[in-house]
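So that the names make sense, note that chain A is the first sequence line, chain B the second, and so on, each numbered from 1.
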Number of protein chains: 2
Amino acid sequence: MMIRARDRILDAFAELLSLEGERHATLEAVARAAGVSKGGLLYHFPSKDRLVDGLCERLTELAAEDVQRMRSAPEGPARYYIRTSYWAGTPMDRALVGVARLQQAGFAAAQEAAKSVSENWLQALVDGIGDQSAARAVKLVGDGLYYNALFGALEGRHHSAPDDALLAVVDRITGTD
Amino acid sequence: MMIRARDRILDAFAELLSLEGERHATLEAVARAAGVSKGGLLYHFPSKDRLVDGLCERLTELAAEDVQRMRSAPEGPARYYIRTSYWAGTPMDRALVGVARLQQAGFAAAQEAAKSVSENWLQALVDGIGDQSAARAVKLVGDGLYYNALFGALEGRHHSAPDDALLAVVDRITGTD
DNA sequence: GTCTATATTGTGATAGAC
DNA sequence: GTCTATCACAATATAGAC
């Protein structure tokens, strides 16, 4: 069965945003990558702002699922968060980097969505670690990894191997060592 | 004496990029903010790519000076780096966030400049701390702060007060406590 | 639901006066 | 060095056929 065009369009949008940058994610480029015409795209998303909204909603859903996994992870939320903060080209990676790029381009909806998911991750870390400062430091290390992912995505780099030495440093931050 | 128009233009470009996002930093908006006409701007920077180059060069200069200060800081490079990684609206903050936004919009020159200054900061941390993993973790915390600055700039938030609790965590990472 | 064709606007860039 | 006027093109959006 055919994947719904609406989903293919969001896939293409996230991919162009994360791999080529916001300037290259034009409606025409997205339509072409999704295999539809510009008019076809605009049937599903009547304006670019609505397309942005669509990706923000997808990120919100994917991030909420991730927070659930994080809260119930046997290794603890800190290690889980750091281990999964590497760019691996997953749907959530592309959605997150895509929304970050939209936010930095100046789209208000992306600003709000990025802030919201960021706060949810931080809260899960605070609840799991207990200590505010340690949770914040772990969050910052993860943010740093995402920031580096913003570069890595454009360069086509993948950081597939979770870094054991870094995880050891994280254990020192949380006091688990 | 009148500040050179060329510098005013770069100031305006960095400010619009960091405070309103890349989409709003059009040649017309930059010219208006700098108090010149579009034609006047294009005398100094014949194309948008040259304007981007100009900001990248400014960042490279400011970052090189900062690396010097960092290497000779009495508190050590780690604490210096973290303490100055907060968004405070300084010229270097605006240049750095501005270039980050250009990079994520898809400008290749910004990609190279951001990568270069990032590597120089990391090298200063490695040289100062000794341990590779610890230096990398400190760099990631600083990157995380910059990543948060990408949000804070748009929201007009300033993180003027260096966070003592975070600096204490950094000491634990570097083994200085 | 998807297409083609077209309208509208914004953006980067040029030409030439002063 | 800076301006005004204008250009060419690209990006978003609309209209209407199928």
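A donor atom on one side chain and an acceptor atom on the other are found under 3.5 Å apart for A/Asp66 and A/Trp121. For the 3.5 Å distance criterion, the side chains of B/Thr26 and B/Lys48 fail to qualify, holding no donor opposite an acceptor.
Look at A/Tyr43 and you'll find a side-chain N or O under 4.0 angstrom from OP1 or OP2 of C/dG1.
Rounded to whole angstrom, the span from the CG atom of B/Leu51 across to the P atom of C/dG12 amounts to 10 Å. Spacing between atom NE2 of A/His44 and atom C1' of C/dT2 amounts to 8 Å, rounded to whole angstrom units. One can place CZ of A/Arg8 at 11 Å from C1' of C/dG1, the figure rounded to the nearest angstrom. If you take CD1 of A/Ile9 and C1' of C/dG1, they are 10 Å apart, rounded to a whole angstrom. Whole-Å rounding puts the B/Arg4 CZ to D/dG1 C1' distance at 10 Å.
Screening residues 127-154 of chain B for ring pair (Phe, Tyr, Trp, His ring centres under 6.0 Å) gives B/Tyr147-B/Phe151 as the qualifying pairs, with residues at least two apart or on separate chains.
Shown are B/Thr84, B/Thr176, B/Thr174, B/Asp171; of these, the side-chain hydrogen bond (donor to acceptor under 3.5 Å, both in side chains) with B/Arg79 is made only by B/Asp171.
In this structure B/Glu112 satisfies the side chain to side chain contact (heavy atoms under 4.5 Å, CB included) test with no other residue, sequence neighbours excluded.
In this structure, B/Ile9 CD1 and B/Phe13 CZ are separated by 11.0 Å, a value rounded to the nearest 0.5 Å.
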Report, one pair per line, the protein and nucleotides 9-13 of chain D atoms (nitrogen or oxygen only) whose separation is under 3.5 Å.
unit_1	atom_1	unit_2	atom_2	d
D/dT12	OP1	A/Lys48	NZ	2.7
D/dT12	OP2	A/Leu27	N	2.9
D/dA13	OP2	A/Lys48	N	2.7

